[in-house]
Amino acid sequence: MTLFPMSSSGYYLFHCFFLLITFTNCLAKTSFQPKTLFLLVKKDPSSLQYITQIHQRTPLAPLKLALHLGGECLWVDCEKGYKSSTYKQALCNSNQCNLARSTTCGNCYENNTRPGCNNNACYNVVSNPAMDNTAISDEGEIAEDVLSIRSINGSIRGPVATVPSFVFSCATSTLTQNLGKKVKGMVGFGQQSPVSFATQFASIFRFSRQFAICLSSSTERKGVIFIGHSPYFFSLAFDASQDLIYTPIITHPRYITITYPHYVRIKRDSPEYYIQVSSVRINGKKLPLNKTLLSLDENEEGGTRISTAVPYTELEGSIYSVVSKAFINEMPKEVKMVRPVQPFKTCFNSTYIGMSRLGYNAPEINLVFHKPNVYWTIIGANSLVRVSDGVICLAFVERSKASGQAIVIGGYQMQDNLVEFDLSRGRIGFSNSLFFRQTMCSNHNYA
Ligand SMILES: *[C@@H]1O[C@H](CO)[C@@H](O)[C@H](O)[C@H]1NC(C)=O
Ligand SMILES: *[C@@H]1O[C@H](CO)[C@@H](O)[C@H](O)[C@H]1NC(C)=O
Ligand SMILES: *[C@@H]1O[C@H](CO)[C@@H](O)[C@H](O)[C@H]1NC(C)=O
């Protein structure tokens, strides 16, 4: 995006904004105070992205968006077909620019202004991690518009909650590549950002900063994202928040460049979710992994990140080799290996792989977190994937880039587990597979 920088004229905008929530008219359209909101989420079979739907604009329009755990904000494609009578761009130097972590400010280079291209508007950095295996980023115009989302009342769905001025970023169509058909943007749940999806609702409705994702393994039946307080009910009134084991969220500083009002590099905490995986066990045996790689270093390399944009957990090369070898060793001797099927490197003939209520019979994998007695168990349903008739592969992939995290926990491993992001207490909770509880992420009464 080409921008013409402006002089810093002091605009002051009296806006109904979520930090000024004491002005009760900010909640005018919502007469109740929900404690928990939810989104339904479905895996797109071709892009393998997790897709949700929100309603935005005036009149309200349904909008398909991909999930981005480490994204700083909600961004949508404004280049094609954004129509709304309530769209308001954030003016340079306004509070919204500040909260949405504006990096620049300027005028529209196109002849006619439109949502996403206005004069005297501020911009922030938006990214799509699904593009070309690197996080491609662009700048989007910071804006506000009406947004509505469903609430939860007990274990069933409650009324729709409508927010008149939800802050988001208006990006270009280029950024929607690899997101799946008709997907118009991404919903960012990143930590540290005041405008990330769950944090913004937490400020508006004054509930605690927490959300939990439960991704369905089915491409037909939808999983759920809870935003706000537990309980997080599944079928038979089972509250999955009772089963969580917690590990601290690691925050990490990152340098970013601001070009307006002055060119400056500043340190800001990364929105990504890092945790400490200290070791990996397969069938109880600790694997000999490189400890240095397992900790996040000062350049934001190594360590473990959680990402919903990665379909299968990625492992750095040396870690992949050790995990794969140990997994093969622990498979029954009659299970034969077959030629790998991309993107996987470890595949088996399925003939002698049995099944139980926990999915495929497979060696149990433990990711041991910050303490030896705090670990997450990955069962066969999350460690093996059927790729064709007769072929089942280890559902982990080798990291293709030379650098990055040693472990990126991806969508497949989180399916049918509840993963809670408790930002107010700086921790992430993992349930084990809901299969242990005879339920699954699509087994809820919110649809
Ligand atoms: C903008 O307006 C100028 C002058 O009227 C015209 O030459 C140019 O083609 C227009 N650009 C676009 C993108 O419409
Ligand atoms: C929640 O459900 C209860 C019982 O079904 C009902 O009485 C109440 O009005 C509901 N609350 C809202 C906000 O809809
Ligand atoms: C462990 O990984 C680090 C970082 O990549 C590397 O410098 C070091 O040589 C590795 N150690 C061993 C024993 O392989």
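Predicted model, so just to flag it, every value in this text is computed and none were measured. Numbering of ligands and ligand atoms starts at 1, following listing order. All residue numbers refer to positions in the sequence shown, counting from 1.
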(Q) K43: which residues meet the side-chain hydrogen bond (donor to acceptor under 3.5 Å, both in side chains) condition with it, sequence neighbours left out? (A)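 Residues passing side-chain hydrogen bond (donor to acceptor under 3.5 Å, both in side chains) with K43: Q415.
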Q.
What I want to know is whether N290 and ligand 3 share at least one N or O pair that is separated by under 3.5 angstrom.
A.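 Checking ligand 3 against N290, an N or O pair does fall under 3.5 Å apart.
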Q: Apply side-chain contact (heavy atoms from CB on, under 4.5 Å) to K181 and list each qualifying residue two or more places apart in sequence or on a separate chain.
A: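 For K181 there are no side-chain contact (heavy atoms from CB on, under 4.5 Å) partners, ignoring immediate neighbours.
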Q | Partners passing salt bridge (Lys or Arg N to Asp or Glu O under 4.0 Å) against R57 (at least two apart in sequence or in another chain) | A |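 Applying salt bridge (Lys or Arg N to Asp or Glu O under 4.0 Å) to R57 gives none.
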Does ligand 2 have any N/O pairs with the protein under 3.5 Å, and how far apart?
from	atom 1	to	atom 2	distance (Å)
ligand 2	2 (O)	N153	ND2	2.3
ligand 2	11 (N)	N153	ND2	2.9

(Q) So which atom in S278 and which in K291 form the shortest heavy-atom distance, rounded to 0.1 Å? (A)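 Reported closest heavy-atom pair: O-NZ, 2.8 Å.
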Q) Does D269 pair with R254 as a salt bridge, N-O distance under 4.0 Å? A)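 Answer for the salt bridge query: no.
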Q.
Is it true that D416 and S433 share a donor-acceptor pair across their side chains at a distance under 3.5 Å?
A.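 No, no side-chain donor-acceptor pair sits under 3.5 Å.
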